[in-house]
Q: 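I have a structure I would like to understand better, so I am pasting it below and will then ask my questions one at a time.
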Protein chains: 2
Amino acid sequence: MKSQAMLKIGELAALASVSRDTLRFYEKQGLITPGKRNNVGYRLYSETDVNRVSFIISAKEVGFTLNEIHQLLELEVTKDEKSCQDIKQFVDAKISIVNERLEDIKRIKKSLQTLSNACCGGDEPATQCTILEALSEQTN
Amino acid sequence: MKSQAMLKIGELAALASVSRDTLRFYEKQGLITPGKRNNVGYRLYSETDVNRVSFIISAKEVGFTLNEIHQLLELEVTKDEKSCQDIKQFVDAKISIVNERLEDIKRIKKSLQTLSNACCGGDEPATQCTILEALSEQTN
DNA sequence: ATTGACCTTAGACGCCACTCTAGGGTTTAT
DNA sequence: ATAAACCCTAGAGTGGCGTCTAAGGTCAAT
Ligand SMILES: [Zn+2]
Ligand SMILES: [Zn+2]
Ligand SMILES: [Zn+2]
Ligand SMILES: [Zn+2]
């Protein structure tokens, strides 16, 4: 019964598809608690550590920053004292941020498309190009 | 006829709604060519400089990075040798980038909303919270 | 004459999320 | 025995876009 097959950093890195540097970086940032070391100082990761790392990766994939993941992890480790409400609020706050970002990008896309559509795209010299003219216009 | 009312940096900064530091930074980056100075070394900006700055601001507003604005300005100053095609291609390339970014954000928003929707948001302890569970799941 | 608002410079700092380097030690395979 | 692949550290570098600081000089108003 070797339930605790500790992983070395390269093994965990491969498992999680991140670099060794990234794992050491997460540790330095306090996202992973520095765990055991073997006799020559190599990091050894337990099952728990592996879960922690997969939490971080998943959270990153849905757009949380490392800073937010820090806070999420605090909710995670104290989840007995937290309510679903707390967690959901956190996610909803992030949704608001993402929504703003989304609107920004949409606005930018629209502006760019307006620029592009107004330009003839032809072979003639761009002395009168509507794109350059539009960009030179005063905004205020 | 005082068509050349040269502006000091603070005046242009106010006009363009950027900081003096930002203007000096743009100059250091080569976005604005260092222009005239008065007898004590103060920068003086001409009409042309003002247009240049407003070009930069406009381009930033539609999502170009300073690096891209650099290239755009090169198109701008040599526009007699460029075609509308060149300019339009540049903008269309940026639209592609923005589109990718847009898809990323949409995907993230969707994931977050799935997370949020699955959580009851209630007052009970979060020990079984579906959000935390989902985030702890292995992705691979 | 002295404030306060303005101007100058070089260079440090901040955020984000790594990534890389240099200069070591260890383990594994041949 | 040697090379390749792995591990360690501290610290520097990257890119994007400024912001701030320190240590000055200048100008307008009071
Ligand atoms: Zn045209
Ligand atoms: Zn055109
Ligand atoms: Zn619940
Ligand atoms: Zn929940």
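Just so we're on the same page: letters track the sequence lines, and every chain starts at 1.
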Q: By side chain to side chain donor-acceptor pair (under 3.5 Å), which residues pair with Thr114(A), not counting sequence neighbours?
A: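 For Thr114(A), no residue satisfies side chain to side chain donor-acceptor pair (under 3.5 Å) once neighbours in sequence are set aside.
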Q: I'd like to check the salt bridge (charged side-chain N to carboxylate O under 4.0 Å, His left out) partners of Arg52(A); sequence neighbours left out, ordered by chain and number.
A: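 Result, salt bridge (charged side-chain N to carboxylate O under 4.0 Å, His left out) vs Arg52(A): none returned.
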Q: Going by atom type alone, with no hydrogens or angles, which donor-acceptor pairs under 3.5 Å involve a side-chain atom of residues 125-135 of chain A and a protein atom two or more places apart or on another chain?
A:
| from | atom 1 | to | atom 2 | distance (Å) |
| --- | --- | --- | --- | --- |
| Thr130(A) | OG1 | Ala118(A) | O | 3.2 |
| Thr130(A) | OG1 | Cys119(A) | N | 3.4 |

Q: Kindly indicate, with the supporting measurements, whether the criterion side-chain contact (heavy atoms from CB on, under 4.5 Å) is fulfilled by Leu72(A) and Phe55(A).
A: CA-CA 10 Å; Leu72(A) 258 177; Phe55(A) 185 98; 4.1 Å; yes
Q: What residues, two or more places apart in sequence or in another chain, satisfy ring pair (Phe, Tyr, Trp, His ring centres under 6.0 Å) together with Tyr45(A)?
A: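 Partners of Tyr45(A) under the ring pair (Phe, Tyr, Trp, His ring centres under 6.0 Å) test: none.
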Q: Students should find this one: the first and last nucleotides of DNA chain C, 5' to 3', lying under 4.0 Å from a heavy atom of chain A. What are they?
A: dC16(C) to dT27(C)
Q: Nearest-Å distance, CG (Asn38(B)) to P (dG25(D))?
A: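 Nearest whole value for this atom pair: 16 Å.
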Q: List in chain and number order the residues that pass salt bridge (charged side-chain N to carboxylate O under 4.0 Å, His left out) with Lys106(A), two or more places apart in sequence or in another chain; answer none if no residue qualifies.
A: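 Glu103(A).
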Q: Enumerate the residue pairs fulfilling salt bridge (charged side-chain N to carboxylate O under 4.0 Å, His left out) with a member in residues 108-123 of chain A, sequence neighbours excluded, ordered by first and then second residue.
A: none
Q: Using the side chain to side chain contact (heavy atoms under 4.5 Å, CB included) criterion, which residues pair with Phe25(A)? Sequence neighbours excluded.
A: Gln29(A), Leu66(A)
Q: Reading nucleotides 5-12 of chain D from the 5' end, what letters show protein touch, with B for base, S for backbone sugar-phosphate only, - for no heavy atom under 4.0 Å?
A: -BSSB---
Q: Is Ile97(A) isolated, or which residues cluster with it under the ILVMFWY side-chain rule of less than 4.5 Å, directly or via members?
A: none
Q: Using a 4.0 Å cut-off on heavy atoms, which residues in residues 62-69 of chain B reach DNA chain D? List them by number, or say none.
A: Thr65(B), Leu66(B), Asn67(B)
Q: Keeping to residues at least two apart or across chains, list the side-chain hydrogen bond (donor to acceptor under 3.5 Å, both in side chains) pairs with something in residues 80-94 of chain B.
A: Ser116(A)-Asp92(B), Glu68(B)-Lys94(B), Ser83(B)-Asp86(B)
Q: In terms of the nearest nucleotide of DNA chain C, which residue is placed more toward the 5' end: Ser19(A) or Asn39(A)?
A: Ser19(A)
Q: Could you state the CD-P distance from Gln29(B) to dG15(D), rounded to the nearest angstrom?
A: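 After rounding, the reported distance stands at 12 Å.
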